[in-house]
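Remarks on the structure that follows.
Naming convention: chains lettered A, B, ... in sequence-line order (proteins, then strands); numbering from 1 in each chain.
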Number of protein chains: 2
Amino acid sequence: MHEPTFLILCSLAPAPLHGYGIIGAVEELSGGRVRLRPGTLYTALDRLARDGTLAVDREEVVEGRLRRYYRITAEGRNALASEASRLEANAATARHRLRSRPAGGTA
Amino acid sequence: MHEPTFLILCSLAPAPLHGYGIIGAVEELSGGRVRLRPGTLYTALDRLARDGTLAVDREEVVEGRLRRYYRITAEGRNALASEASRLEANAATARHRLRSRPAGGTA
DNA sequence: GCTCATGCATCGATCATCGGTATATACCGA
DNA sequence: TCGGTATATACCGATGATCGATGCATGAGC
């Protein structure tokens, strides 16, 4: 799972959001680092919906514009949780191995 | 940075390794989860060397076979460290947001 | 001596994901 | 009427990963 995908799932974890809401949430979640483009977002949403990771929650028309809300599924929650575990494990591995320099300048 | 790239850098953090050594190290580091194919590995190595993230350390001929050892650079170390930070931050975000269900029973 | 398994590197084709840009629509304010 | 904003969609290209096949040299078995 790549970062945009991951952050999309994060953004939906507490409550459903519509496309443009997700873009804003992801930007905030990532401290401004990740700015999703529509292309990235909607392709990912379609893919994740196809996978059963998320689903369309409802559609609203607000001021003449369609808003499609997406909701994370139980399966998506599980995927997100195990992805978080993977990230933690990888980070720990990196920290550990960055610390263990064998025979630094010896040789 | 994707996982294969990340794990390759992890594998090289303590000491230089040659290609097939990296494959083994990555498999071990990831608990058997990630098994690099030669194609993935050498393309990544070329790319990372081009970027200055790692460099060829030395070449040896062992039993008639060439072994090319790769070494992580200072730049690569920095990249790996900041990647680890990113992973930690993302994992924390996910944990946090998986816990905060609004109006779930919270109120 | 021949054949086969093994360790090592290389190459090519394909696919998935992401990034960027442009477009259609509908509202709003100047 | 025009331009900006909000929303979704479509298309295209770049990057990186995956898979599979190949080349090559050695040592082991027969």
[atom1]/[X] to [atom2]/[Y] distance, rounded to the nearest 0.5 angstrom?
X	Y	atom1	atom2	value
A/Tyr69	A/Leu54	OH	CG	15.5 Å
B/Tyr42	B/Leu36	OH	CG	10.0 Å
B/Leu48	B/Leu41	CG	CG	9.5 Å
A/Ser30	B/Arg86	OG	CZ	10.0 Å
A/Leu12	A/Arg71	CG	CZ	10.5 Å

Checklist entry - Just wondering, are more than 12 heavy atoms of other shown residues or ligands nearer than 6.0 Å to CD in A/Glu60? => result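 Buried by this count: over 12 neighbours within 6.0 Å.
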
[X] [atom1] to [N] [atom2], straight-line distance once rounded to whole Å:
X	N	atom1	atom2	answer
B/Ile23	C/dA9	CD1	P	8 Å
B/Tyr69	C/dA9	OH	P	9 Å
B/Leu7	D/dT18	CG	C1'	16 Å
B/Leu66	D/dG23	CG	P	18 Å
A/Arg67	D/dA8	CZ	P	8 Å
A/Ile8	C/dG19	CD1	C1'	13 Å
B/Arg33	D/dA17	CZ	P	14 Å
B/Leu45	D/dT18	CG	P	14 Å

Checklist entry - Which nucleotide, D/dA17, D/dA8, C/dC18, lies nearest any side-chain atom of A/His2? => result C/dC18

Next on the checklist: Starting the side chain at C-beta, find the nucleotide from D/dA17, C/dT10, D/dA8 nearest to B/Ala44.
Outcome noted: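 When the side chain of B/Ala44 is considered, D/dA17 is the closest of D/dA17, C/dT10, D/dA8.
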
Item to check | Phosphate OP1/OP2 of C/dA9: any B/Tyr42 side-chain N/O under 4.0 Å | outcome: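 True: B/Tyr42 side-chain N/O within range (under 4.0 Å) of C/dA9 OP1/OP2.
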
Next on the checklist: Between A/Leu80 and B/Arg97, does the side-chain contact (heavy atoms from CB on, under 4.5 Å) criterion hold? Intermediate values first, please.
Outcome noted: CA-CA 10 Å; A/Leu80 183 53; B/Arg97 293 183 68 92; over 6 Å; no

Checklist entry - Is B/Ile8 reachable from B/Ile23 through a run of I, L, V, M, F, W or Y residues, each pair having side-chain heavy atoms under 4.5 Å apart? => result yes

Next on the checklist: Less than 4.5 Å apart, side chain to side chain, heavy atoms only: is that true for B/His18 and B/Val62?
Outcome noted: no

Checklist entry - Given the rule in the side-chain contact (heavy atoms from CB on, under 4.5 Å) test, do B/Asp51 and B/Arg47 qualify, once you have shown the distances and angles that lead to the verdict? => result CA-CA 6 Å; B/Asp51 295 352; B/Arg47 178 174 35 92; 4.1 Å; yes

Between protein and nucleic acid, restricted to nucleotides 24-30 of chain D and to nitrogen or oxygen atoms under 3.5 Å apart, what atom pairs and distances do you find?
none

Pick out the pairs of N or O atoms, protein on one side and nucleotides 20-23 of chain C on the other, that lie under 3.5 Å.
{"residue": "C/dG20", "atom": "OP2", "partner": "A/Arg37", "partner atom": "NE", "Å": "3.4"}
{"residue": "C/dG20", "atom": "OP2", "partner": "A/Arg37", "partner atom": "NH1", "Å": "2.9"}
{"residue": "C/dG20", "atom": "OP2", "partner": "A/Arg37", "partner atom": "NH2", "Å": "3.3"}

Item to check | Worked verdict on B/Ile22 versus B/Leu7 for side-chain contact (heavy atoms from CB on, under 4.5 Å) | outcome: CA-CA 9 Å; B/Ile22 296 175; B/Leu7 292 172; over 6 Å; no

Checklist entry - Taking five pairs at each end of the helix from C/dG1-D/dC30 to C/dA30-D/dT1, what angle separates the two helix axes (nearest 10°)? => result 10°

